[in-house]
**Q** 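Here it is: the structure, laid out below.
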There are 2 protein chains.
Amino acid sequence: MAPHRYTEAEQMLVALDCIIFGFDQNELKLLAIKRDFEPEKGNWSLMGGFLRRTESLDEAANRILISLTGLKNIYLEQLHAFGEVDRDPVERTVSVAYYALIDIHTHDKELMKAHGASWFSIHDMPDLIFDHNHMVDAALKRLRYKASHQPVGFELLPEKFTLPELQKLYECIYDTELDKRNFRRRMLSMDVLIKTDEKLKKYSKKGAFLYTFDKEKYNEKIENGDSTVFKPILS
Amino acid sequence: MAPHRYTEAEQMLVALDCIIFGFDQNELKLLAIKRDFEPEKGNWSLMGGFLRRTESLDEAANRILISLTGLKNIYLEQLHAFGEVDRDPVERTVSVAYYALIDIHTHDKELMKAHGASWFSIHDMPDLIFDHNHMVDAALKRLRYKASHQPVGFELLPEKFTLPELQKLYECIYDTELDKRNFRRRMLSMDVLIKTDEKLKKYSKKGAFLYTFDKEKYNEKIENGDSTVFKPILS
DNA sequence: GCAAAAGTGTTAGAACTACACCCATGC
DNA sequence: GCATGGGTGTAGTTCTAACACTTTTGC
């Protein structure tokens, strides 16, 4: 039909915004920064940036995540593209949101400070700029789904973690309480946790055994068509 | 940091591509068109177009869907944003893919012909341009998930449908065979199907009772927090 | 009357849920 | 020795999956 489809098309900006989750003992947390340019300068915002012509969406999301946390090889997944006409008052901008899961204790505190970044409990979030609160809602919903179908919870914990910590994490993600025995049975029945002989005495005198997640074993099982390795924690 | 974030950012094109599913008696099908402009003119492609500055992503996806099918109020959901640098050889373009579920018998055949559109079995797809085959793979995966967790199957059927038709649809979506008795029990136990007193004799001499999906009742149950209305057909 | 699809119940095994006590340790 | 969190087993119930025959009708 139209002879010059490409030349007639309208150019616009493509942005990325990262919803960064962390877990700190008793709470699921989210990383927000103080925006350092107008409009909305000084208000809380997700970490974001604009897509460059020389990088893919995934690469850009990683670049932005690294610029704030210093962390590479992080769990990062595209969430949704947000494209309301007036979502950004300055320029027509489509934003592709990504969510990331990090171990809250490993990120670069200097970089964080430089960006005016701060962790917020997901139960006590400030108002964020633009449609960023919507993005967070969508990310939480996705995390809840994802965590009960695939072993992503481990991404929020240190490499070595205890079963009580893992349970607490799931309880925070789902805002509910879980039965200790049933939780342990289910987790261990998947046969992808390796028990170490170390104990963590951070939370109790007796101490709890540390485990690691056996990613290779898990991948192997998945490749062998065993789609039931990871059983939903919550329907 | 940078003083002119917006002016330094690079503009680019945002496209939309629609993966349109239909169901025809024995097969899950997908609508592809013959591309009518360069590059790749004459090759099979998803129906697509460019985002305008005056419309949201959802609006644009709907516009594109309507321009091909003539259908309004269609089930349409965002799938994923595809943003590899070289995915479009002409211009740097980020494409946001949407998938749609339509009743294959209701669309506008004139419009279809004008676009050189054609239905393909998902088991016998031609090569599509750019990354469109990847988009289809992702859409199928999403459809499989979605159909087992929410009652979207009905969108692919006429308003009135029989249980054998519904079962066949699920069998096509999941490429498997289902037990007739278990399927019927499960579907009816959700208590969101209304049995009419009409029979459809298209497929058998005896005829099968026609049902409709009670969307209001379903929504009511969801609002009342009954998250177990729709039980997964397949784990 | 027969071919072809529609419709209907039961049962064994698996999975889920609820529940209470002992253990190890630091103070 | 006691307070604190870590660790363990069972039984009742529910859900799932497998299975075969009767019904209706058009030809």
Side-chain angles (χ1 to χ4, degrees), chain A residues 23-27 148-149 157-158 160-172 174 176-212 226-235, chain B residues 23-27 148-149 157-158 160-172 174-191 193-212 226-235:
Chain A
F23 175 65
D24 189 9
Q25 300 194 192
N26 294 306
E27 279 195 315
S148 85
H149 289 79
L157 295 173
K160 292 180 186 176
F161 52 87
T162 67
L163 287 176
E165 283 177 316
L166 188 60
Q167 179 176 348
K168 187 76 197 168
L169 168 61
Y170 276 92
E171 290 178 335
C172 287
Y174 296 107
T176 188
E177 297 202 349
L178 299 172
D179 181 272
K180 192 172 29 164
R181 280 169 290 190
N182 293 341
F183 178 83
R184 295 173 71 93
R185 183 182 17 255
R186 167 158 286 205
M187 276 295 165
L188 293 173
S189 75
M190 297 177 196
D191 196 28
V192 291
L193 294 186
I194 301 168
K195 187 176 186 173
T196 72
D197 50 9
E198 299 167 70
K199 277 193 163 189
L200 181 73
K201 300 208 170 180
K202 186 170 167 194
Y203 304 100
S204 74
K205 292 152 190 168
K206 183 179 178 184
F209 280 105
L210 285 161
Y211 289 78
T212 59
D226 182 355
S227 62
T228 63
V229 189
F230 199 84
K231 298 167 199 165
I233 303 302
L234 259 155
S235 67
Chain B
F23 174 64
D24 190 8
Q25 301 192 197
N26 296 306
E27 280 196 314
S148 87
H149 290 78
L157 294 173
K160 292 178 185 175
F161 53 86
T162 66
L163 287 178
E165 283 177 316
L166 188 60
Q167 181 177 346
K168 186 77 197 166
L169 168 61
Y170 276 92
E171 290 178 337
C172 287
Y174 296 107
D175 247 325
T176 187
E177 298 203 348
L178 300 171
D179 181 273
K180 191 168 35 159
R181 282 168 289 192
N182 292 340
F183 178 83
R184 296 172 71 94
R185 185 184 14 258
R186 170 160 282 203
M187 276 294 164
L188 293 172
S189 75
M190 297 175 194
D191 196 27
L193 294 185
I194 302 168
K195 188 177 186 174
T196 71
D197 50 10
E198 298 166 72
K199 278 193 162 187
L200 181 74
K201 301 209 168 180
K202 187 171 166 191
Y203 304 100
S204 74
K205 292 153 187 168
K206 183 178 179 184
F209 280 105
L210 285 161
Y211 289 77
T212 60
D226 181 353
S227 63
T228 64
V229 189
F230 198 83
K231 298 167 200 164
I233 303 302
L234 260 154
S235 68

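Letters A, B, ... mirror the listed sequences (proteins, then strands); counts begin at 1.
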**Q** Between A:Y170 and A:M187, is there a side-chain heavy-atom distance shorter than 4.5 Å?
**A**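 Heavy-atom side-chain distance check passes, below 4.5 Å.
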**Q** D:dT23 base to B:K206 side chain: any donor-acceptor pair below 3.5 Å?
**A**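 Indeed there is one.
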**Q** OP1 or OP2 of C:dG9 versus the side-chain N and O atoms of B:R185: is any pair under 4.0 Å?
**A** no
**Q** Measure from NZ on B:K202 to P on C:dA6 and round the result to the nearest Å.
**A**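 In whole Å, C:dA6 P and B:K202 NZ are 12 Å from each other.
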**Q** With a 3.5 Å cut-off and just heavy-atom distances, do the side chain of B:R181 and the base of D:dA17 make a donor-acceptor pair?
**A** no
**Q** Would you mind reading off the distance between A:L166 atom CG and D:dG6 atom P, rounded to a whole angstrom?
**A**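 In whole Å, D:dG6 P and A:L166 CG are 13 Å from each other.
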**Q** Rounding to an integer number of Å, can you tell me how far A:Y203 OH sits from C:dC27 P?
**A**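 Distance check: A:Y203 OH to C:dC27 P gives 17 Å.
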**Q** Contact class for A:K201 vs. all strands (heavy atom < 4.0 Å): base, sugar-phosphate, or nothing?
**A**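 Sugar-phosphate contact only - A:K201 comes under 4.0 Å of backbone atoms but never of a base.
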**Q** Without decimals, in angstroms, what is the distance between A:K180 NZ and D:dG9 P?
**A** 13 Å
**Q** From B:K201 NZ over to B:T162 OG1, what is the distance, rounded to the nearest 0.5 angstrom?
**A** 13.5 Å
**Q** Ignoring hydrogens, what is the shortest heavy-atom contact between B:K168 and B:Q25? Give both atom names and the distance.
**A**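 Residues B:K168 and B:Q25, closest heavy atoms: CG-O, 3.3 Å.
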**Q** Answer with yes or no whether A:K205 presents, from its side chain, a donor or acceptor under 3.5 Å of a partner atom in the base of D:dG6.
**A** no
**Q** Can you find a pair of side-chain heavy atoms, one from B:L200 and one from B:E165, that are under 4.5 Å apart?
**A** yes
**Q** Report the residue (A:D179 or B:N182) whose heavy-atom-nearest nucleotide on DNA chain C is the more 5′ of the two.
**A**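 It is B:N182 whose nearest nucleotide is closer to the 5' end.
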**Q** Closest approach of B:F23 and B:C172, non-hydrogen atoms and distance?
**A**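 The answer is CE1-SG, 3.6 Å.
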**Q** Starting at CE of A:M187 and ending at P of D:dT8, how long is that distance when rounded to a whole Å?
**A** 16 Å
**Q** Rounded to the nearest angstrom, tell me the gap between atom CG in B:L200 and atom P in D:dT24.
**A** 18 Å
**Q** Give the rounded distance in Å between these two atoms: CZ of A:F183 and P of C:dA15.
**A**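 Result: 19 Å.
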**Q** Taking the nucleotide of DNA chain D with the closest heavy atom to each, which residue, A:A208 or B:K199, is nearer the 5' end?
**A**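 Residue closer to the 5' terminus by nearest nucleotide: A:A208.
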**Q** Please give, in whole Å, the distance from D:dG6 P to A:F209 CZ?
**A** 13 Å
**Q** Would you please confirm or rule out a distance under 4.0 Å between OP1 or OP2 of C:dT8 and any side-chain N or O of B:R184?
**A** yes
